[in-house]
Every structure is written in structure tokens, then in C-alpha cells.
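Read the structure below first, then the notes.
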Amino acid sequence: MNPTITSGDPAIDIHDLTKRFGQTEVLHEIGLAVPKGAIYALVGPNGAGKTTMIKLLMNILQPTAGEARVLGVECEGLAGKAFERIAYVSENQELPDTMTVTQMLEYLRGFYPRWDVGLEQALVRQFDLPMDRKMKHLSRGMKMKAAFAGSLCYRPELIVLDEPFTGLDPLVRDELIESLLERSPEATIFLSSHDLAEIESFASHVGYLEEGRMLFSEEMAVLSERFREVTVTLETPMKLPHNLPGAWLQAETADCVVRFVDSEFRGEASEREVAERFAGVRDVTCEAMPLRAIFLAIAKTGRTQSQAAQIAARDRRVGA
Amino acid sequence: MTQILNIFRKDTRRFWPEIVLSVIVVFAFVLIYPNQWRVFHDRNVQQHMTFILFALGLLMVTGWGLLISRAVHAESLVGDRQFWITRPYEWKKLLAAKVLFLAAWIGVPYLLSQLLLLAEAGFHPLAYMPGLLFNLLLLSVGYLLPMVALAAVTSNFARLTMTVLGVLIVFTGYSYLLNGIPHGYTSANPYTNAVLAPLLFVGCAVAIGMQYATRRVWVSRALLIALPILMAVSVAAYRRQSLVDRAYPAPSAAAAAPLNIVSMPNAANPVEARSWEGEDYIDLPVQYSGVAEGTAVFVDNFKFSITTADGSQWSSPWQAIQERNLPGVHHAGLHMMIGPELYERFMTAPVTLRITFAVSRYQSDTVTKMAFPAGDVAIPEIGFCTTDLSNTLLCRDAQQPRLTHYTVLWSHGSCSDAQTSPASTAASDAWIEPASRTNSVMGPVWVWRSFFYRDFEGSDYAHWHVCPGSPLTMTQYHLLERTQTSMTLTNFLLPANVVPTS
């Protein structure tokens, strides 16, 4: 079972969610809980299953096994009025291209009893939207801004974004993030991204998905506390021992220096463990890591393990 | 309701060019359609009008298909990228909005066009509202509903068009199955498969409902693929033999034969055999008589069995025929189809030939006698009739024509001479049956022509006319019964020579 966030009443609650397309398993027994008010960033490399997971949450696809609830509603029953409380924006969503921005907003207004005209006007001004231009004639950035405007005006309780910032210039991206942060006190935000730098600045929670498996899911602050880049300076050169803890990732040695990423850093206790594992420790430094470095460490370890598993499987086949 | 109107307004605003085009085509159809019952002195003009009407009909249907595609594909039910699927659309309201759109921009113009056409044809439109609504129902079940179902499982107009072409190909094959059923020449087609229309309606309605409710495309597609298969199975189940047997029950032993049928070969009309398109035919001269006064008996189908002296027997399937008999004696030929191998087997020795006829007996009721019209006249029970240059009576009604027998008198010479001596006149007749309808559900007016054939001597044909003022009699009939009758020929010898015909 994967780690879960359990604090509070979750806006999104997922248990053992599995999705297969034919023989291909895209998501494997995902477990996840997103507390209300959180800004949850789902990260992972391309093809990890992020979009599939979001589509399952939005009832665009149906799961093979497991269950998921969004704002207390079973995802497979998510339809109609339930979407008055949910906003969904995706980078590859087909928008009503033949409508002007004005027409689109007018049309959408009819679907939402809680549509805030004042907020609509504010967003139109903030995004500087060309109201009389057809959606199909908008630039990618403007299209995304219009999609945001059409999704935020009814003050949704949950905002789900699938790779919303992909391909946008930094200025547009910052404008969109700003608009999101303005909503964040009243809404839970769940977004997928493979741009670690952009989500590091505002996400409160983060989950890492790779090859359909949730490697971890936790608060950003806890994650930052848990990972340290450890550099151990020894008195004499030595080979890496075989029985290093599993939490020590990417261990490598060069001359008298051993480096690794501790994914379960516990302060002094971790430093004592280092001293016990290596003879003649002259110095130990534990440095906090940026999110990007943490993910790279996890991703590389994951791939190495995956490759090792493939080699072992191949060897077994050859042996057989 | 707000959501329904919101979607309807959006679709109308977005697709107004298509709507305008479709409505223009419908009303162009209304302008051209009355030419069906107008008399043209130039036959080329009439042919052009018929072609234009056909083209407009095709355009109208295509336009409706385009409107259906636009409306349904505006909120496409196929794919996972449409923006509307994560908006608070309620599927029932979405479906209702689409139905409203189609009703407003296809149903209403269609109904209006029907009302206008009825008025133009001289009928009071509102008096025929039930019939018009029935036509609308036919259009909905036969075309609109299947098109909506196909649009619901395709993502755009191009894919819909390809699918429709595929469906047409399937139905062309399917029509081969239907062609195996002889329709005969009866006042009402007794072979109607009562399962097909409900099956089509239910299948399409369920597929549409499921697709809108769940968007499980492959489930809906599977249902639509299963539909023609089920329809084909239903056709196969309603095989022609059982259909004819059911429609024409065998008479009770005490029942009198509706007509006498005897074989009457003679030197002038011997029994002959010929081969054509891989089949052999026994041409048997027969005489029909004994039809009671005030009735008419139609022979719609026949089948025959051959029994040899050693007791072996072969029975043919039902074969279509067209013989209309009034009181009196009527001679005709019976063309009995049989496989060449069977023919060779049976031609060696005398056999017993038993022929069973499927017949319909009609009783005359209304007889209308009047002068052959010079212009457009209203005839009670018939409708409006006029005549054209080809000596035909052109009639129209807002209802399906009843089985009617028309008799007229041809005159020799020009009509202005008004020749009435028996030597210069000749009687001719024509039958009009309910199946004679020449229009489709697109038009509310039934139009039919009564061609009065007469075998005049070659070049003299041009001098014979059905003149205005000459006596015209119209006798209408209603069905009394459908039954079977038979005749048996013992020691029947099949002709030794089978003559090939091309």
C-alpha cells in the first residue's frame, strides 16, 4: 500500500485505484488523500499515468479496480450538478472554438448558479482577454487564460488542472498561478505537472507517480525535511558496503568521499547511523535539497531498480 | 429547462447558416413538389422537374443529416477531450436540447412544408393533421432517429458520412434478402414484417439513451452493429413461404372457390417450355372465370407440385404473379419456374401437376360515373383529377388511394369531332392500387396516374384519344378475403423441347 495523507476530511480520496488498457496496466493500486484547501501537485515523468489518474477522477475514464471519491462523490457517478463545484482544465482540452470569449463566458454562466459576475469581470481584466475574438484564433496562452476564467468564475471547491502550464511563457504562467493562489483559500487545487520548479513555489502537497505507481505522497514541508544530500568524508578510501539501508539512494564513492541521498533523514539519528556504517568518518555534512534534486534522485533510483528487475527477469527466462 | 434552452440557443446561434440552408431547401422543395400533379405539355420539362424534385429531396435529406451531425457533434459523445464533459451538463437535458433543436429546425419546417403542400393541392391542411404527424413519425423512426444514433457514436461529420455509407452498403445487401419476398399486386402488402420498425426504433432509442447517459461508445456501437443483424434475422425468420401461407390461409372444405381456373392449351396456345437466366419455365395457358358479379379476384402468387407415377414429389416455392379478374372469362399464361435438372427428371413421363393459387377477393362498393375531365376537378372519394396529353388520368389525394378500377372510352379522330359511333370508340381500363403511390413521406399528397392502355394498330395509335366528356367510370373495392385455390392436372406431359430465350 502506498503512503497516504490522512489529515482532515479529504477533497479527493483514492483507494487501490487501478486502470488497465487491455493488457497494459497504466495505474497500479493508487492510494491517495488530498485534504481540503491543499494545493496538491502530482508530478512524474511523461507516461507515468498522471493524465489517466486525473481522467479517472473526473469520470472521463472508468477504473478497472479500486475506488475514488471527489468532494464525497463516487467518481464513477460524477456528472451533472456535481460539476458545479469542480473545475477542470487540461492542456489538451477541446474548447468551443467557434465561440468568442464573451460568448463562451455567457454560455457557461447559464450552467452555474454560483457564477460570480464580478469575479468574471475581474478575471477578464486581470488576464486582459480579447473578448470579441473567437477561441480558435487565440494564442495558446490566451486560450488557457480563457479556460481558467471559465473555470474560476463559479468559485469551484475543487480545481483540477492537467499540465496547465505546459508550453506557456513565464509571464502567462505566473499570471495563471497568481489567479490560482487567489482562489486557494476557498478551493482545493489538484494539478499535474512535470515542471518541478513551477510547483515548488506554491504547492502544499506533492505526490510522485512513476510507471503507474505512487512512490510517495506527502506535504511539501515534510518531504523537504525528509530528504538530505549526505556527504561523508573518510580517513581512508573504502568500497561501498553492500548492506546500505534502502533509504540511502544513489550512493557513490570517490576516493575518501561517499555521497548519497538519505530519503529518511532523522537528524542526529541519521548522522549516528552514518558513523556506524563507515569506519573512520572524518566529517558528515547533510544538506537540504531542492525539489528537483529530490525527484531526480527518486526517478533515477526507480529506473535503476526497474532496469535491474528487467535484467533479472531476462536472466530467469534464459535460465529456464 | 434553463439548461435546455441555454444549449438550444447556443446551437441555434452557432449553426444558423446550416439551419437557413436546410430551411431554404425544404421550401424550394415545396415550390417544386406541386409539379407532381401539374400537367406539362413538354415532356422534357416534366422530366427536368422530376429530376429537380429528386435532387431537392436528396439535398433536403442531406441537409437534415448535416443538422443532426452539427447538433449532436457540438457536444460530441465520443472522445475524452471535450470541454463539456466536465461541465454541469445533465444528460437528459442535453438530449432534450438536441431533440428540441431537431424538432425546431427539422420537424417544424417539415410540418409547415406539408401543410403548405396540402393547401396548394387543394386540401384543407388541418383536416389531415393526424396523417401529417404520422408522416413525421415515419420520418423520425426511419431517418432522424437512426441518424442521431449514428451521430452519437461518431465524433464528426466526416466519420458520420463514412458510417452512413457503410450502413448503406449493409442495407443494399439486406435489400437482396427482402427482394426474395414477392410483393404481389394486392391492395395492401400482406407481407409486412411487423418486427422491423419497432426493432429499429427501440434499438436506436436505446443506443442514443445509453450513449448520452454513459458515453460508453463501444457498448452503443455494439448495439447498433447488432441491430441490422437482428433485422436480418427477423427477415430470415419471416420467410416468404410462411408469410404467404399466413397471409392466404387455405380455405375450409365447404368454401366455394372464389374463381375457376382451368388449363386451356390449344393449337394456338400450347403448353411450352423455355429457359431463361439459368431457369426453365413451363408456360401453361389458363382460363380464369367464375368471378361473382360486383367482385374482383386478384391472383397474387402461385406454387406448384409435381408428383411422378412412382410417388416421388417436388414442390416449388411461392412465385409472384399479377392477374386481375373481373366477372367474365379471362385468358392468361402461367409461367412456372423450375430448375433445369428437375425439368429433365420430370419430362420423361406423365406427372400429376397441382397448382395452388394465392388469391385476394374484393367487393365493389362506390361507383362514380362522370365525364372525363377537361381540367382539374374534384371527385368525391377520389380526390382531384385532371388529364394530360398522354391520355392518362392524373389524380391526387391527401390519403392513400383505394383499390379502384377505371374505365374510359377511347375515340377515333380528334376530340373536337366528338365521334360517338361504336365503330369509332373503344373501351379501356386501368387499375389503381394503394401501392401506386408515387411520392414519399417527404410529400403529403398522394399522386397517381391511370394509364389507359389499348392495343391499337401501329400507326393508327396517334388518332385515338380519351376525350374530355367521354364516359369515365370509377369503381372502388374493399378486400373481402385472402385465400388459396388450386387445380390439378393428371397425366401431364412436360414439353420435350425447352426453347432458350434471351
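Lettering of chains follows the sequences in order, A, B, ..., and the numbering in each one begins at 1. The structure displayed is predicted, hence computed values, not measured ones.
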Any side-chain heavy-atom pair of [X] and [Y] under 4.5 Å:
X: A:F111; Y: B:T2; value: no
X: B:K10; Y: A:M99; value: yes
X: A:I86; Y: B:T86; value: no

Which atoms of [X] are under 4.5 Å from chain B, going by heavy atoms: the side chain, the backbone, both sets, or neither?
X: A:T98; value: side chain
X: A:E91; value: neither
X: A:L78; value: neither

Measure [X] against the heavy atoms of chain A and call it side chain, backbone, both or neither at under 4.5 Å.
X: B:Q3; result: side chain
X: B:R87; result: both
X: B:L5; result: neither
X: B:R215; result: side chain

Should the heavy atoms of other residues, nucleotides or ligands under 6.0 Å from [atom1] of [X] be counted, would the total exceed 12?
X: B:F51; atom1: CZ; result: no
X: A:R173; atom1: CZ; result: yes
X: B:R81; atom1: CZ; result: no
X: A:M131; atom1: CE; result: yes
X: A:R109; atom1: CZ; result: yes
X: B:Y143; atom1: OH; result: yes
X: A:K134; atom1: NZ; result: no

Minimum heavy-atom distance B:F83-A:Q93, with the two atoms named: CA-NE2, 3.7 Å
Gap separating the CD atom of A:E106 from the CZ atom of B:R9, nearest 0.5 angstrom: 10.0 Å
Interatomic distance, B:D80 atom CG to A:M58 atom CE [nearest 0.5 angstrom]: 13.5 Å
Option that, when pairs with chain B are counted at under 4.5 Å, heavy atom only, ranks first among A:A82, A:S151, A:A87, A:A79: A:S151
Option in A:Y107, A:Y88, A:Y112 with maximal non-hydrogen atom pairs under 4.5 Å from chain B: A:Y107
